[in-house]
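In this text the structure is predicted, and so the values were computed from the model without any measurement.
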Amino acid sequence: HVRTAAKVEGWIEEKHIVTQEIFGRFEKLRQTTAALPTQGTAHARREANLHLEPDRKSPAYYTLKEEESCEVMRRAFTERPPRPKQAPGVTEYEDWFLVRNATAAGWGLAGNLDMAVPEEVLQYAEGKRVVAWFMLDPGEGQEPKPTILWATSSAMGLPYDFESARAFSWGTRRKHYETSYIESNLRGYYPIQTQKDPPGFSYTAENKQGDRVEYKFQLQGARVRRISGAQSLARSLEHGRTRKSPGHGKTRKNKTNHR
C-alpha cells in the first residue's frame with residue numbers, strides 16, 4: 001500500500017517499487033540514450049520489462065505493454081538460464097536491446113521485441129532476425145514505396161551485432177520490392193548510420209584481417225553505390241543487373257563474448 005506526494009493512496013505490486021537511487025540510475029540511462037542514434041523502431045511482442053542492465057536479475061522499473069513502440073539503440077547478450085530439459089554442458093545465450101520511448105529507457109529481452117519492418121519487406125527475412133532497419137528514401141507519388149535498409153542475424157549470442165545488410169527498392173515494372181544491395185557473411189557492429197542529403201548509410205564491419213572498418217554507401221535512384229571502405233563483397237543490383245567486387249565479409253566463428 002502506497003501514498004503519493006499528492007496524498008493519493010492505493011496498492012501497487014512490489015516489483016514496481018524501486019529506491020530513489022535506482023530510479024535516479026534509470027533517469028540517467030534515459031538521458032544517456034537520448035543522444036544515441038536509433039537502429040530502428042520496434043514494438044513489444046508481449047509485455048516486456050525494461051531492466052537497468054542486460055540481466056534478468058537487474059532492477060526493472062518500466063514495462064512496455066504489448067504492441068507498444070520503442071526505438072532500439074544497442075545490443076548485448078548474456079547466458080540464458082537453463083531450460084527444464086536442456087542438455088547437460090550446453091550453454092545458450094539470449095540477446096538484449098537497449099530501447100527508449102518518450103518516457104523511459106532500459107534493457108529488454110530481444111525475444112520480446114519485433115522490429116516494425118513493413119510487411120511487404122519483412123516477407124523476405126527468410127527466417128533471419130531483423131536487428132536494425134531504416135527508411136533510406138520515403139518514395140514518391142500518392143502511394144509512396146520507401147526504400148528500406150535492414151540488418152539481420154541468424155542467432156542470438158553472437159559476438160557482433162549483425163551478419164547481413166540488405167536494401168530494398170520498389171520495382172515499378174514488377175510492382176514488388178527488389179533487392180538493390182546485399183552483403184552477407186558480415187561481422188557488423190552498431191551503430192548503422194543513415195543520411196538524407198544525399199541519401200545513404202554507413203556501418204562498421206571487420207575486414208579479413210579482423211580490423212573494424214567503416215563502409216559508406218550512397219543511394220542513387222534504385223542503386224546503392226559504395227563510396228568508401230575497403231573492397232567488399234557488396235552486390236549492387238538494379239532490376240536483374242549485378243555488379244560484384246571482392247569483399248570484406250567473413251565466415252562466422254564459434255566464439256562468443258560480451259559486448
Side-chain angles (χ1 to χ4, degrees), residues 12-19 21-23 25-26 28-30 32-33 36 39-40 42-101 104-117 122 125-133 150-164 184-191 206 210 250-259:
I12 187 172
E13 291 185 73
E14 185 177 3
K15 67 180 181 180
H16 294 303
I17 301 176
V18 297
T19 65
E21 186 266 338
I22 294 297
F23 179 81
R25 291 171 64 187
F26 269 106
K28 184 176 180 180
L29 181 63
R30 185 187 67 82
T32 300
T33 59
L36 297 177
Q39 298 303 288
H43 59 257
R45 180 182 301 182
R46 59 184 70 86
E47 190 175 272
N49 291 327
L50 299 185
H51 296 256
L52 195 57
E53 303 285 347
D55 186 334
R56 288 175 181 253
K57 296 181 180 179
S58 176
Y61 180 58
Y62 297 103
T63 300
L64 293 176
K65 298 178 182 179
E66 184 176 349
E67 297 299 325
E68 187 173 355
S69 295
C70 61
E71 290 181 278
V72 172
M73 276 83 63
R74 288 181 177 170
R75 169 193 164 268
F77 69 91
T78 59
E79 186 174 328
R80 181 187 174 89
R83 301 175 188 270
K85 296 183 179 180
Q86 187 170 316
V90 175
T91 301
E92 296 183 353
Y93 297 91
E94 57 190 5
D95 280 5
W96 294 77
F97 285 143
L98 176 59
V99 303
R100 70 182 175 210
N101 60 17
W107 289 91
L109 282 167
N112 291 335
L113 300 166
D114 292 319
M115 286 293 188
V117 182
L122 189 60
E126 300 172 344
K128 302 292 181 66
R129 294 176 54 244
V130 179
V131 295
W133 79 279
W150 76 22
T152 59
S153 178
S154 63
M156 294 191 182
L158 298 175
Y160 38 87
D161 294 323
F162 57 92
E163 298 173 293
S164 177
S184 302
N185 298 321
L186 287 171
R187 296 171 71 92
Y189 299 91
Y190 289 169
E206 293 183 18
K250 291 188 65 175
T251 54
R252 204 176 100 200
K253 297 181 180 179
N254 295 323
K255 175 184 176 184
T256 55
N257 56 3
H258 196 122
R259 293 192 61 253

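Listed here is the closest heavy atom pair of Glu94 and Glu79: OE2-O, 4.3 Å. The shortest heavy-atom contact between Leu36 and Met73 is CB-CG, 3.6 Å. Glu68 approaches Thr63 most closely through the heavy-atom pair OE1-O, 4.0 Å. Nearest heavy atom pair, residue Trp96 against residue Phe77, reads CD1-CA, 4.4 Å. Considering all non-hydrogen atoms of both residues, Asn101 and Ser69 come closest at CB-O, 3.9 Å. The two residues Gly106 and Leu29 make their nearest non-hydrogen contact at CA-CD2, 3.8 Å.
Here the CZ atom belonging to Arg56 is positioned 5.0 Å from the CZ atom belonging to Arg80, to the nearest 0.5 angstrom. A distance of 11.5 Å separates CG of Asp161 from CZ of Arg187, quoted to the nearest 0.5 Å. With rounding to the nearest 0.5 Å, the separation of CE in Met156 from CD in Glu92 is 11.0 Å. Between atom CG of residue Leu109 and atom CG of residue Leu50 there is a gap of 10.0 Å, rounded to the nearest 0.5 Å. Rounded to the nearest 0.5 angstrom, Thr32 OG1 and Arg25 CZ are separated by 12.0 Å.
Note on Glu163 versus Lys128: no salt bridge recorded, every NZ/NE/NH1/NH2 to OD/OE distance being 4.0 Å or above.
In this pair, Tyr61 and Phe26 present their aromatic rings tilted. The plane angle is within the 30 to 60° band.
Side-chain contact between Leu122 and Val130: present, with at least one pair of heavy atoms (C-beta onward) separated by less than 4.5 Å. The shortest side-chain heavy-atom distance between Tyr190 and Val131 falls under the 4.5 Å cut-off. Under the 4.5 Å side-chain criterion, counting only non-hydrogen atoms from C-beta, Leu158 is in contact with Arg75.
Arg46 and Asn112 share a side-chain donor-acceptor pair at under 3.5 Å.
Applying the salt bridge (charged side-chain N to carboxylate O under 4.0 Å, His left out) criterion to Arg30, with sequence neighbours excluded, gives Glu27.
In this structure, His43 contributes its side chain and Ala116 its backbone to no donor-acceptor pair below 3.5 Å. Listed for the Asp95 side chain is a donor-acceptor partner under 3.5 Å among the backbone atoms of Gly157. Put simply, the side chain of Arg100 gets close to the backbone of Thr33: a donor and an acceptor are under 3.5 Å apart. Within the 3.5 Å criterion, the main-chain N or O of Pro54 finds no donor-acceptor partner in the side chain of Ser58.
Counting heavy-atom neighbours within 6.0 Å of Arg129 CZ, excluding the residue itself, gives a total above 12.
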